[in-house]
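Hydrogens, waters and symmetry mates play no part in the numbers below; they use all other heavy atoms, side chains included.
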Amino acid sequence: MDPKEATKEQNLTRDQENTQFSSRDRAVESATESVMTVENLNMYYGSFKALQDVSMVVKRNMVTALIGPSGCGKSTFIRSLNRMHEIVPGARVEGKVLLDDEDIYASDVDPVRVRRKVGMVFQKPNPFPRMSIYDNVVAGIKLGRKRKKSEMDEIVEKTLTQAALWDEVKDKLKDGGTALSGGQQQRLCIARTLAVEPEVILMDEPASALDPVSTQKIEDAMEELKKRYSVVIVTHNMQQAARISDYTGFFYIEHMGDPGRLWEFDDTTKMFSAPDRKETEDYVTGRFG
Ligand code: ADP
């Protein structure tokens, strides 16, 4: 090999190694960083106050679980993290929600951009009908800049792998998305969310309608996902929250008719072994809810 070419190649390898090191360092460093900060959030549906004074930090590359009895505002809260509640007429928030130090409710912020950075997976899998598995995954990115077929292929393989679905569908990418099982459809929706490269993924009870095997696969995918993304998940399944999350927030309403509040928030280990508040303990031990 031409010595000049050899030096170029060595430099390239070194650059790649440096990049790998620096991204690994960044990942370690970012482990304690917050990606979203919620300050004194109140949330209303018309004149009905659904949430009061919620403050919470979402840590980068961590899974945050939201638990609590039905009607305490978990879905309402998670939707406020990407302005999804705005599709409900009369729904509004007070307070601040920061994503990387930017207030997502500032008047010049485009909600569509917020929803690309903070993606959402819903309770019921909702792949686009009459669209192939492949097209479902790339549906979001097709709206952006034009990409080469090879680049799209790479994104499809990468995101389906991250969503723990690739091996099951790699030979039938042209089949319809809705022909998959419920659990596979949900993982397809996760891949579709990942394809637009969000920073945060919100999941509202993503496994509640799935069988135990599919639930397990979603949980496996979560381990993989948090290496790259930050995840906030609403779940009614206490074992699931304890297994998959690093932090847990417990939402609670003390007196009927009151708005929901974030009653306690802490490391998942502490929340499930020695929470500070009695209501949290009663809930995580299954005494009510
Ligand atoms: P959770 O997710 O904890 O079950 P929700 O966020 O769904 O709680 O609901 C919190 C409160 O807000 C409940 O009293 C519920 O009835 C009310 N709520 C939820 N969605 C709407 C809506 N679209 N319009 C009016 N009220 C709503």
Side-chain angles (χ1 to χ4, degrees), residues 34-59 62-86 88 91-99 104-105 118 120-124 200-209 222 230-289:
S34 55
V35 60
M36 296 193 82
T37 306
V38 180
E39 291 173 9
N40 309 108
L41 186 91
N42 296 323
M43 164 84 209
Y44 301 83
Y45 293 104
S47 58
F48 173 70
K49 191 173 194 179
L51 281 176
Q52 177 154 329
D53 205 21
V54 177
S55 297
M56 182 193 287
V57 164
V58 177
K59 301 275 191 178
M62 299 276 167
V63 176
T64 301
L66 307 179
I67 60 170
S70 286
C72 287
K74 304 177 298 297
S75 288
T76 299
F77 176 74
I78 206 171
R79 280 156 198 264
S80 76
L81 298 181
N82 75 347
R83 299 181 56 167
M84 197 60 94
H85 67 280
E86 288 177 0
V88 178
R92 65 186 173 89
V93 305
E94 291 167 356
K96 259 192 190 162
V97 179
L98 307 179
L99 170 65
I104 66 167
Y105 286 102
V118 185
M120 183 128 190
V121 176
F122 296 89
Q123 182 171 5
K124 199 166 163 287
V200 181
I201 306 162
L202 310 175
M203 298 187 175
D204 195 352
E205 296 193 56
S208 65
M222 209 77 82
S230 314
V231 180
V232 183
I233 177 171
V234 172
T235 178
H236 271 115
N237 181 332
M238 290 303 102
Q239 288 80 15
Q240 183 172 68
R243 272 194 304 265
I244 63 172
S245 71
D246 304 285
Y247 293 90
T248 299
F250 172 58
F251 282 79
Y252 184 61
I253 290 177
E254 192 173 23
H255 303 291
M256 227 175 51
D258 283 357
R261 290 171 182 269
L262 179 60
W263 205 245
E264 188 164 354
F265 180 84
D266 217 318
D267 281 1
T268 295
T269 321
K270 178 160 189 307
M271 289 289 277
F272 281 87
S273 57
D276 287 336
R277 304 190 80 165
K278 181 179 178 305
E279 295 79 4
T280 314
E281 183 169 5
D282 286 350
Y283 188 75
V284 298
T285 53
R287 252 169 266 163
F288 75 90

State which residues pass salt bridge (charged side-chain N to carboxylate O under 4.0 Å, His left out) with [X]; sequence neighbours excluded, sorted by chain then number.
X      : answer
Asp276 : Lys270
Arg83  : Glu86
Arg243 : Glu219

Can you list everything that forms a side chain to side chain contact (heavy atoms under 4.5 Å, CB included) with [X]? Sequence neighbours excluded, please.
X      : result
Asp246 : Met62, Val63, Lys226
Leu98  : Thr37, Glu39, Lys96, Asp103
Ser273 : none

Pairing residues for Phe272 by the ring pair (Phe, Tyr, Trp, His ring centres under 6.0 Å) criterion, not counting sequence neighbours
none
Pairs under 3.5 angstrom only: tabulate donor-acceptor contacts from the side chains of residues 43-54 to other protein residues two or more places apart or in another chain.
| from | atom 1 | to | atom 2 | distance (Å) |
| --- | --- | --- | --- | --- |
| Tyr44 | OH | Glu94 | OE1 | 3.4 |
| Tyr45 | OH | Thr76 | OG1 | 2.8 |
| Lys49 | NZ | Gln52 | OE1 | 3.1 |
| Asp53 | OD1 | Asn40 | ND2 | 2.9 |

Listed by chain and number, what are the side-chain hydrogen bond (donor to acceptor under 3.5 Å, both in side chains) partners of Ser245, not counting sequence neighbours?
Thr248, Thr268
Please list, chain by chain and in numerical order, all residues satisfying side-chain hydrogen bond (donor to acceptor under 3.5 Å, both in side chains) with Ser75, sequence neighbours excluded.
Asp204
Please answer whether the main-chain N or O of Met84 pairs with a side-chain N or O of Asn82 as donor and acceptor at a distance below 3.5 Å.
yes
Where at least one partner belongs to residues 251-264, residue pairs that pass salt bridge (charged side-chain N to carboxylate O under 4.0 Å, His left out), sequence neighbours excluded:
none
